[in-house]
Amino acid sequence: MPDVDFARFGQDIKRALGNRSYAQAVAEYPWLNRGMLSRAVNGQKLSAASYLALCLAFDLDVWTAFSREKPMSAAAKVKCIKDILNHTVTADASRETEAAL
């Protein structure tokens with residue numbers, strides 16, 4: 001099964017950010033957050049929702065960062081998309097540290 005090469009994706013995000021700071025990117029794309037950007041740039045695993053949000057913001061092809069042994073068939077792409085859409089995403093929640101600010 002293909003999987004996202006998060007190190008490669010991180011390099012793509014670094015290039016897409018260019019000279020923009022995380023704060024500038026979040027101001028431009030309000031559905032992003034600095035933590036998501038940091039995790040992406042550092043090659044850490046992301047949720048499916050975060051991966052897709054970053055692809056949308058920076059106009060990246062969702063298939064570019066996928067690693068696979070051989071070319072993916074149309075049926076395999078459909079299955080992969082279904083798997084991504086069925087991925088559980090953690091809801092936003094307030095944090096204890098936010099109250100102290």
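All residue numbers in this chain count up from 1 along the given sequence. Below, all heavy atoms of this structure are taken into account, side chains as well, without hydrogens, waters or symmetry copies. If you're wondering where the values come from, they're calculated on a predicted model, not measured in any experiment.
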_If we ignore hydrogens and angles and just use 3.5 Å, is the side chain of Asp61 paired with the main-chain N or O of Trp63 as donor and acceptor?_
yes
*Kindly write out the residues that satisfy salt bridge (charged side-chain N to carboxylate O under 4.0 Å, His left out) with Arg20, not counting sequence neighbours, or none if the list is empty.*
Glu28
*Go through the steps to decide whether Phe58 and Leu17 satisfy the test side chain to side chain contact (heavy atoms under 4.5 Å, CB included), and finish with yes or no.*
CA-CA 8 Å; Phe58 297 111; Leu17 276 170; 3.8 Å; yes
*salt bridge (Lys or Arg N to Asp or Glu O under 4.0 Å) partners of residues 33-49, not counting sequence neighbours, each pair once*: none
*Backbone N or O of Val62 within a donor-acceptor pair of the Tyr51 side chain at under 3.5 Å?*
yes
*Any side-chain heavy-atom pair from Leu37 and Leu32 closer than 4.5 angstrom?*
yes
Side-chain donor-acceptor pairs under 3.5 Å in residues 4-13, sequence neighbours left out?
unit_1, atom_1, unit_2, atom_2, d
Asp5, OD1, Ala7, N, 3.3
Asp5, OD1, Arg8, N, 3.1
Arg8, NH1, Thr64, O, 3.0
Arg8, NH2, Thr64, O, 3.2
Asp12, OD1, Arg15, NH2, 2.4

